Number of protein chains: 2
Amino acid sequence: MGKKVGRQTFFLDSPVYIVGSSTIAGAKEKEGPIGKYLAHTVADDSLGEDSYEKAERLMMEETIFNAIKDANIDEKDVDLLVGGDLLNQLVTTNYTARSFDIPFVGVYGACSTFAESLGIGACMLEAGYGNYIACTTGSHFSTSERQFRFPLELGNQRQTYSQWTVTGMGCAVLSKTGGGPKIVGVCFGKVTDYGISDIANMGAAMAPAVAENLYNFFKETGTSPTDYDLIATGDLGKLGSDILKDLLYARGYTLGKNYIDCGHAIYGVDQKTFQGGSGAGCSATVFNSYIMQKMRDGTYKKVLFIATGALMSTTTNQQGDTIPTIAHTIILEA
Amino acid sequence: MGKKVGRQTFFLDSPVYIVGSSTIAGAKEKEGPIGKYLAHTVADDSLGEDSYEKAERLMMEETIFNAIKDANIDEKDVDLLVGGDLLNQLVTTNYTARSFDIPFVGVYGACSTFAESLGIGACMLEAGYGNYIACTTGSHFSTSERQFRFPLELGNQRQTYSQWTVTGMGCAVLSKTGGGPKIVGVCFGKVTDYGISDIANMGAAMAPAVAENLYNFFKETGTSPTDYDLIATGDLGKLGSDILKDLLYARGYTLGKNYIDCGHAIYGVDQKTFQGGSGAGCSATVFNSYIMQKMRDGTYKKVLFIATGALMSTTTNQQGDTIPTIAHTIILEA
């Protein structure tokens, strides 16, 4: 049995290894700084399907298939699939799960979904639930834009403080046995709301959730940012990560050169995404490419992966509500 | 550590007790056969709020508060809140979680969400994740109708094979210590799709998922329907439960007098809901009222609770997709 340390942090009794991992992303992601670490990319993000929704599903299906292959196991060895996505009623993941003969639980934490999946998956294995659990999340620029913002055909101008939804999928296969990067603990977040209501300004809305989560985690574990080789937040973007640094600094912790934000890292400044990437696929893609490879080759040994989510809907936004946000931290060691 | 029995069934090493439980439902639910078992009901389902969405949240907030009270603990004793609802981006649960100082994970399985929450919650406790986990789910007729079907003001006629979304919330508090009804295992479902595309005919779409799940469960455990005092499915409604009986009979299992469907049970035939209730709140409400009370008073000792979910969205439906469905079974003993 694992052990709760304080209110939020939970350490596993025995670690959970990430024995398989894969990604598929789009052309824009391939052109960015993370591009060379991506296992697969597609030139046409419609994949020849008659809707972007179907293309998104196909990308997730292939990613799960490839991650299972990377783990050197078969579909029938996977005990549980845990995952979610940004589309209403999680239709990408639900329809994808239909293609696999694997028990399935859907989870949702907006852009924090990948960390949530890893956290739940790791705890399920700690409970003895089988040998292998696959965790998957993703997003697609074109389906997200039309669901959350405007039809692409309108060619709307974007705010300078906005982010670009990543077209990308990630899947990680967890196991109690094996080697390589491992999950040693998880710090599930509380829902935080600092009163931001501008849905283009996700970084400002989500930064306080990360600040709360990391502050509580450092306090509960008696560690500080310098104890980790890499601290990677989900998708705060440039503006959001600057806000996070300020918020944590005010509470006594300094994020230094070992800190990156997946949203800020995934695109180059010349790619005109303004603050960087966002979407459930952003941190899932960076985690399953750059972070996994750098942990496998020994560059990073102790890692904190904190994915963040903005939990509003277009309905609550139109009704004048502010944006509740959340952040979950996964504690990793190589 | 618990033990996997076959592909889907998982038994906990030590049981998880349901130490607190509560419900709030609407006036129509109060008038039905389950009415007298409901802890709280409201006469006006807007609760004086300026939107039904806000009323739905307030109902969930009160239900969690009352379940924690029923468990004789404080909010600060609850280690994790697990829950979800039918609204896009789970906004009812996400906004409700904002009111509690409790780590939170959002889950989604449409009307199967309550069983999914119980299953994940029980496994998290088995993993050693703290002492108390609260699981909550609900739905509201008026918010669901306008999100999934038509604005209420249109007064659309309903198909005779349709069901009525329950206005109701349920919350159960789980613990490794205590007494009363207990969860001994869980059988997470696989996504099933028999090609139904009529979103008014949820019973027909979901019945095959229950049939698959129960068939695999009976086979893996070597048990049969007569081994249980009560088998309660989520919300197949009258038509869906008749289809389930036929599907299981064809595979060698007969559901007899110990079988009820929460959707069929919650309304009387004179209430003109046609096939009965549906919605994530349907099974959550019946479970946390009738089933809990009948387990607490010793009427039912061995119970299977199978909540079912239809996993489509209005987008996938308009794009011509069929309806993927899922069912999760919770194994309970008094």
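Since the structure is predicted, the reported quantities are computational estimates derived from the model, not experimental observations. A note on names: the letters A, B, ... follow the listed sequences, proteins ahead of strands, and every chain is numbered from 1.
Residues of residues 134-145 of chain B never come within less than 4.5 angstrom of chain A, heavy atom to heavy atom. Contacts between residues 205-218 of chain B and chain A, counted as heavy-atom pairs separated by less than 4.5 Å, involve no residue at all. Against chain A, the residues from residues 88-98 of chain B that qualify, each with a non-hydrogen atom under 4.5 angstrom away, are B/Asn88, B/Gln89, B/Leu90, B/Val91, B/Asn94, B/Tyr95, B/Ala97, B/Arg98 in number order. Within residues 101-119 of chain B, the residues that have a heavy atom under 4.5 Å from a heavy atom of chain A are B/Asp101, B/Ile102, B/Pro103, B/Phe104, B/Val105, B/Gly106, B/Val107, B/Tyr108, B/Glu116, listed by number.
Among B/Cys187, B/Ala122, B/Gly130, B/Gly128, the residue making the largest number of heavy-atom pairs under 4.5 Å with chain A is B/Gly128. Between chain A and the residues B/Val186, B/Val191, B/Leu12, the largest count of heavy-atom pairs under 4.5 Å involves B/Val191. Interface remark: of the candidates B/Gly2, B/Gly84, B/Gly309, B/Gly2 forms the most heavy-atom pairs closer than 4.5 Å to chain A. Of the listed residues A/Gln8, A/Lys76, A/His328, the one with more heavy-atom pairs under 4.5 angstrom with chain B than any other is A/Lys76. Interface check for chain A: of the options B/Thr325, B/Thr314, B/Leu80, B/Thr316, the most heavy-atom pairs under 4.5 Å are formed by B/Thr316.
Contact annotation for A/Thr322: both backbone and side-chain heavy atoms come within less than 4.5 Å of a heavy atom of chain B. Only the side chain of B/Ile326 has a heavy atom closer than 4.5 Å to any heavy atom of chain A. There is no contact between B/Leu81 and chain A, counting heavy-atom distances below 4.5 Å. Proximity to chain B is limited to the side chain of A/Ser51, based on heavy atoms less than 4.5 angstrom apart.
Between A/Thr315 and B/Glu53, some side-chain heavy-atom pair lies under the 4.5 Å cut-off. Side chains of B/Arg57 and A/Asp321 form a contact here, defined as non-hydrogen atoms less than 4.5 Å apart. Between A/Tyr129 and B/Lys3, the closest side-chain pair of non-hydrogen atoms is not below 4.5 Å.
Across B/Ala127 and A/Cys123, no two heavy atoms sit closer than the pair CB-O, 3.2 Å. Across every non-hydrogen atom of A/Met1 and B/Leu125, the tightest pair is SD-O, 4.3 Å. When all heavy atoms are compared, the tightest approach of A/Val78 to B/Arg7 is O-NH1, 2.8 Å.
Relative to the six-membered ring of A/Phe100, B/Lys190 misses at least one condition, a distance below 6.0 Å or an angle of at most 45° to the axis.
Other residues, nucleotides and ligands contribute over 12 non-hydrogen atoms within 6.0 Å of the CZ atom of A/Phe11.
Interatomic distance, NZ of A/Lys4 versus CG of B/Asn131, reported as 8.0 Å (0.5 Å rounding).
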